[in-house]
Amino acid sequence: MRIRAERDDLADVLTRAGRAVGTRSALPILQGLLCDVSGGTLRVTGTDTEITIETALDVEVLEEGRTVVPAKLVAEAVRKLPAGAVSFSTSDGEVEITGNGPRFNLREFDANDFPDVGGDSDAGSGVEMDGEALIAALNQVGIAASNDDGRPTLTGVLFETESDHLRLVATDSYRLAVRDVPGVAGVDTTLIPYRALKEIGRTIGADKVSMAIAERKGSFVSDRGRMTARVIESSFPNYRQLLPDEYPSRLTINRDALLEAVGRASLVAEDHIPVRLSLGSGGVELSVSRQDVGGETEYIEAVYEGEDMVIAFNTRYLTDGVASMKTENLLLETINPLKPGLLTAADDPSFRYLLMPVRL
Amino acid sequence: MQRWVGHADLDAFYASVEQRDCPEYRDRPVVVGAQPGHRGVVAAANYRARTFGIHSAMPIAEAYRRCPNAVYLRPDMDKYARVSREIFQILETITPVVEPVSVDEAYLDLTGLEKLIGPPEVIGSEIKRRILEATGLTVSVGIGPNRLIAKLGSEHRKPDGLMVVFPDQVLAFLAPMPVANLRGLGRQTQKIFAGLGIRTVAQLRALPPGYLEEHLGSRAAVSFHNQALGIASAEVVYGRGRKSISKETTFEADVREHDILQDTLHKLAAEVAARARREQLSGAVVTLKIRFTGFETHTRQRKLPAPTHDERVILREAWALFNQGNLPRKPVRLIGVGISDWQQTETEPMQADLFDQPQKREIDDRLLETIDKVAGRFGKGMLQLGCKKEARGRDSS
């Protein structure tokens with residue numbers, strides 16, 4: 001194959017596809033990017049077999065063909081060339097990359113070894129959604145997804161249709177995040193690793209993104225490329241039972257004040273030390289104390305309806321939830337110190353963050 | 001009050017138990033461990049066998065080469081555990097503060113027993129006499145003002161020895177000892193000492209201050225300096241001794257099949273969990289140990305959000321470590337699993353789980369209790385929990 005393209009464009013498609021390439025893959029071929037040139041287009045594919053990212057670029061084609069090149073090295077090599085046109089060609093088992101003087105000669109892999117990771121034969125047109133809204137929603141629920149590969153189910157984000165709209169859910173079994181995305185309908189229930197979903201924004205994010213599920217894979221397509229992920233084939237825990245219709249106690253509190261206070265408490269807390277919230281009419285007292293270190297206490301005025309109660313939370317989990325809501329006032333609803341508490345934005349019920357307390 | 005710490009260490013424990021039970025082995029070298037011709041190592045060798053240079057952890061083939069005429073026996077861990085329990089019960093007739101180190105070794109707090117039993121020598125002979133009478137086994141006992149001296153004392157007069165070191169004898173006791181006897185002396189440190197020409201504790205003690213720090217770093221330097229002066233902790237903590245519970249197995253032939261590895265881990269996890277439950281311990285760290293063809297050995301650890309003694313959790317974590325531990329893909333020679341980092345579940349604040357219903361936990365506890373009861377009556381492995389093989393298949397290509 002032989003092509004010519006602008007350095008920045010070429011570096012961009014290589015880098016984005018390269019984000020799917022694992023750093024510790026067992027198979028050497030998976031350290032490579034598949035570059036396929038046909039009909040005036042360069043298609044770049046990177047995969048770790050769980051996640052596949054494909055990008056495309058219209059280029060000047062001198063000769064069609066396929067090759068697999070070492071992902072990190074090629075992307076960096078192109079990026080470090082002088083600005084302007086870059087030519088990229090293969091011969092005798094090597095890829096030559098030149099542009100305004102410098103010339104890289106890099107060994108290529110055998111393109112026939114590259115795994116068959118799907119390609120264009122995707123069924124259906126998929127469900128189209130606003131890209132920015134999808135990425136924002138994923139970022140919000142993603143904080144609750146687990147990164148413990150020992151429990152694969154919990155590393156995923158659940159996509160499901162709730163009455164007339166899309167709902168995203170994630171949990172690491174200590175907290176649960178539920179995000180309703182209005183205006184998107186017709187998504188089949190599926191569980192996709194958050195590790196893959198968080199790449200959408202960085203690799204193929206665009207105004208419009210459409211999602212399709214086929215052959216145990218979920219794929220997200222935009223005009224910037226395609227991200228495909230193997231779905232997690234286990235059933236998501238029954239989260240609905242955790243969300244009661246009503247809570248007997250409710251705290252309405254300024255979000256920034258709470259976030260700053262928990263930030264101070266976290267300085268002392270570390271590890272598994274929880275922050276205690278003493279809820280009473282007029283506000284909440286936050287306190288944390290740690291053997292051999294000391295403690296911190298402060299009072300935030302707020303509106304509290306309900307019985308006085310002391311409930312404790314892991315500071316990191318609480319921080320994650322509060323920080324994820326960009327709003328003026330938050331609601332913290334509770335039942336008792338042993339049952340999960342619910343955080344929502346006072347003016348926006350579309351995102352719910354349920355948090356299991358620490359038993360004192 | 002003068003602190004007295006005792007260290008009791010059974011002599012060639014496994015081998016001695018076998019010899020006791022089979023008088024025809026009495027005057028012969030006895031090696032307990034893997035069978036010659038198979039793979040594995042020496043678990044214990046009696047003193048007769050040791051004269052051939054055989055020691056524990058030596059590959060069995062090497063032992064056999066040195067002494068083909070020895071009696072080679074497979075370990076009978078159940079029997080040793082029974083004898084061990086008997087011994088610890090006897091130790092507890094001497095003092096309630098017994099800190100087990102392993103099945104055949106313990107520290108004892110002997111402080112303040114003079115009026116009850118007698119001076120340290122008498123306490124020591126009493127320990128030896130009671131164990132010999134009840135079990136027919138000999139034990140070496142060291143008694144000193146702290147743990148280090150007690151331990152070195154029991155080693156000093158092995159086998160069947162008794163050594164009491166009074167505080168004013170500590171320095172003289174230590175002086176002629178090879179530095180190799182001190183605690184925390186690895187192969188590297190040993191080389192450094194050899195390079196510096198330091199062979200005895202006396203030589204170590206005579207070094208100018210700062211000299212050791214230059215060669216070993218400050219932490220090790222402080223440790224050896226203290227040891228050379230006989231300074232060590234005199235604290236004995238009841239029951240603390242065991243830091244981990246683990247089980248491992250060496251395969252007859254190297255194994256590649258994930259099914260076999262997972263089933264083996266399952267069995268080992270069940271044994272570890274049952275042991276933990278018997279000792280009323282829950283560990284928050286799961287460790288996977290794996291040895292590949294060519295003896296290349298790796299361990300991987302994972303800290304759990306909550307301590308466990310449930311084999312399902314132990315297996316799940318160990319299997320995840322196996323798959324995600326970035327381990328080489330080679331045939332496996334040995335695999336093992338363990339738990340450590342004991343935590344008291346009740347007193348510390350604990351992050352609760354959204355999906356963990358208290359009723360379910362109760363059912364789980366009853367289930368595990370039943371398994372232990374069945375094992376107690378009908379033998380181990382009669383009843384085992386099915387573990388969901390959630391992660392199987394992944395990465396097995």
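Just so it is clear: chains get the letters A, B, ... in the order the sequence lines come, proteins before strands, and each one is counted from 1.
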Review point. A/Arg352 and side chain to side chain contact (heavy atoms under 4.5 Å, CB included): which partner among A/Thr344, A/Val169, A/Leu176?
Key: A/Thr344
Check your understanding: For A/Leu242, is it the side chain, the backbone, both or neither that has a heavy atom under 4.5 Å from a heavy atom of chain B?
Key -> side chain
Point to revise | Region of A/Asn238 that comes under 4.5 Å of a non-hydrogen atom in chain B | key: backbone
**Study point:** Part of A/Thr171 lying under 4.5 Å from any heavy atom of chain B
**Key:** side chain
Review point. Would you call A/Ile213 and A/Phe159 a side-chain contact if the rule is heavy atoms closer than 4.5 Å?
Key: no
Review point. How are the rings of B/Phe322 and B/Trp319 set to each other: parallel, tilted or perpendicular (split at 30° and 60°)?
Key: parallel
Exercise for review: May I ask you to decide whether B/Arg316 forms a salt bridge with A/Asp148, counting only side-chain N to carboxylate O separations under 4.0 Å?
Suggested key: no
Check your understanding: Parallel under 30°, tilted from 30 to 60°, perpendicular over 60°: which one fits the rings of B/Phe292 and B/His298?
Key -> perpendicular
Exercise for review: Side chain from CB out, backbone as N, CA, C, O: work out which of these in A/Phe313 comes under 4.5 Å of a heavy atom of chain B, or both, or neither.
Suggested key: neither
Review point. What part of A/Pro357 lies closer than 4.5 angstrom to a heavy atom of chain B: side chain, backbone, both or neither?
Key: backbone
